[in-house]
Amino acid sequence: MTTSSVGKAPAADDRLDGTVLRQAAVVVLGVIMSILDITVVSVALPTFQREFDASYATVAWTMTGYTLALATVIPLTGWAADRFGTKRLYMLALVLFVAGSVACSFATTIEMLVAFRVLQGLGGGMLMPLGMTILTRAAGPHRIGRLMAVLGVPMLLGPIGGPILGGWLIETQSWHWIFLINVPIGIVALVSAAVILPKDNPSPSESFDFIGMLLMSPGLALFLFGVSSIPEEASVTATKVLVPAGIGIALIVGFVFYSFRPAHPLVDLRLLKNRKYTIAMISMFLFAIAFFGAGLLIPSYFLEIRDKTTLAAGLLVAPQGLGAMVTMPIAGRLADRMPIGRIVPVGLVLIAIGMSLFTQLEADTSIPLICGALFVMGLGMGATMMPIMTAALQTLNAASTAKGSTLLNIIQQVAASIGTAVMSVVLTNQIQNSDAIAKLGELGKTPPPAQPPAPEVLAQMQQQIEQLKSQALTDSAAAFATTFTVAFVLLLLTFIPAFFLPRKKSETPTPEGEQAAAPVMVH
């Protein structure tokens, strides 16, 4: 036997063995379905409008309902994982997600589709926090960086592959296949989980926090509903935004005060007493607002300003994913060997360099230059997001892993929703301020004249319309540039908490509840 400290794990134990990698593959299969599904469905919204003869506001509920189901179930996941076991719960989540997918494909009305999307969301909401819990327990804190890099694969493929896959399936098959594609993947994931994931040893001693559930789950769902209504209402002060968001905030604040009373709260905010965990969470919150908010804008620019098809827009965004694929495995290995505080700022600098181009966007900006900037942003993303998650998860012991992963997912979900809403409102307001766009809208509402105009008058009118279209395109591109500037400023704010992430080896966090000097016996 040899003795070594926890701070430096034995070399043999540093490698990711086959057992851990097989568990990671099972997790990635499940998580990739839920993330792909979000972007695939967003591509299909115009198709749903035609197929179900519904307004955009109505079909948008296929996205909103899914998000609200996620928000409702995520807080319950930490308790349920400890109570029933991660393997059983993960398999149940897969069953719910696949069953929801099949039901969606058979929907004959928009109301049925929204209801089945909620069923999908109940399963999909559990997959990511459960996946993090499974991987953290399998790898241990000293290898979690590399495992988080593995879990980053579906996070990359979702935004890139979703529009491409969705566009291709709708064009070559039918909208039903954007849901049916989940069936074979889900079956493989379910069988793999049954065979590969270790047997559960649940701890049923914790009582269920009923009051916490009545406060947190509806509070989170109402808050996200209010926030997600901002783009549709184009105003933060609209009743549809303020009322649900206000009630949601009140319930969440009530939960915050209440959560320190029970021994086992639904979401354990006591984890935030851990300074390093809290700093990592603040960094993740600011980063997710800026990065996911900006991520919404990029395909929209290609679709609306450059008049690209959905499939082409998806392919043009792909360089960002390719960049992240280069740095994510490297950052994952480094995160297990050196302080996170020396990795994350480098990633943020790369993202800032790439995003700076988008603050100068024009209607005719070189597409190769845009793709180059996306690649640089991807390099930065690969060195930022997963290391921040690693910084949080490294501080958790085995007992707090499930609830720590749950809280991390809640923060990420809220931040992404806020980022999307903020960028949508800024972009909408900027576009509405364009005189050229307003005049084009007025012309579109003007009834045709009773008598056709003279040829020279018609030619003059057409020339004026072309000038207005050209100016409207220029104004729209400027609106995107201004909105990217907001995202850029939010990204710069992320440097503040990132500066306080561990920067020395001695600061590398020890899992909460463990003693750094405790020896590890290795046979």
Side-chain angles (χ1 to χ4, degrees), residues 16 20 24 27-28 31-32 34-35 74 77-78 127-159 267 271-272 274-292 295 324-325 327-348 351 378 380-397 400-416 419 494 497-498 500-502 508-509 511-512:
L16 295 176
V20 174
V27 168
V28 167
V31 172
I32 201 170
S34 65
I35 294 180
I74 285 175
T77 306
L127 289 173
M128 178 60 85
L130 281 173
M132 283 187 178
T133 302
I134 291 167
L135 293 188
T136 304
R137 289 176 177 173
H142 60 285
R143 298 186 295 183
I144 193 59
R146 275 162 287 181
L147 263 295
M148 282 298 102
V150 172
L151 194 58
V153 171
M155 289 187 171
L156 294 175
L157 293 180
V267 177
L271 294 171
L272 297 176
N274 180 331
R275 177 178 173 272
K276 295 181 177 68
Y277 180 82
T278 301
I279 290 170
M281 296 287 273
I282 294 170
S283 301
M284 172 57 70
F285 183 74
L286 291 174
F287 171 77
I289 290 175
F291 192 83
F292 289 116
M325 285 180 182
T327 53
M328 192 169 280
I330 298 170
R333 286 194 295 271
L334 291 176
D336 292 331
R337 298 176 183 175
M338 63 186 292
I340 301 292
R342 296 192 177 277
I343 302 170
V344 172
V346 175
L348 289 174
I351 296 173
M381 189 269 196
T384 303
M385 187 169 178
M386 288 302 144
I388 291 176
M389 286 188 175
T390 300
L393 295 175
Q394 278 179 338
T395 68
L396 304 176
N397 59 21
S400 58
T401 297
K403 289 189 175 177
S405 300
T406 296
L407 185 54
L408 182 59
N409 275 270
I410 290 172
I411 291 293
Q412 187 180 324
Q413 182 69 43
V414 169
T494 311
F500 293 97
L501 291 169
T508 301
E512 179 192 343

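Each residue takes its place number in the sequence, starting with 1.
- Taking CE from Met281 and CD1 from Ile411, the interatomic distance works out to 4.5 Å, rounded to the nearest 0.5 Å.
- We find the CD1-CG distance between Ile388 and Leu408 to be 10.0 Å, quoted to the nearest 0.5 Å.
- Shown here for Leu501 and Gly341, the closest heavy-atom pair between the two residues is CB-CA, 3.8 Å.
- Taking the side chain as every heavy atom from C-beta outward, Phe291 and Met381 approach each other to under 4.5 Å.
- In this structure, Ala415 and Ala288 approach most closely via the heavy-atom pair CB-CB, 3.5 Å.
- Separation of atoms CG (Leu348) and OG1 (Thr494) is listed at 6.0 Å; rounding is to 0.5 Å.
- Across all their heavy atoms, Thr327 and Gly378 have their closest contact at OG1-O, 3.9 Å.
- Two residues are said to be in side-chain contact when any heavy atoms from C-beta on lie closer than 4.5 Å; Phe287 and Ile351 meet this criterion.
- Counting heavy atoms from C-beta outward, Leu272 and Leu407 have side chains that approach closer than 4.5 Å.
- Taking both residues in full, the closest heavy atoms of Gly382 and Pro387 are given as O-CD, 4.1 Å, listed atom of the first, atom of the second, then distance.
- Proximity of Gln412 to Met128: side-chain heavy atoms (C-beta onward) are nowhere separated by under 4.5 Å.
- The side-chain heavy atoms of Pro497 and Leu286, taken from C-beta on, include a pair separated by under 4.5 Å.
- Nearest heavy-atom pair, Thr384 versus Val344, reported as atom, atom and distance to 0.1 Å: OG1-O, 4.0 Å.
- Pro502 places a side-chain heavy atom less than 4.5 Å from the side chain of Lys276.
- Considering every non-hydrogen atom in both Ile74 and Ile410, the closest pair reads CG2-CG1, 3.4 Å.
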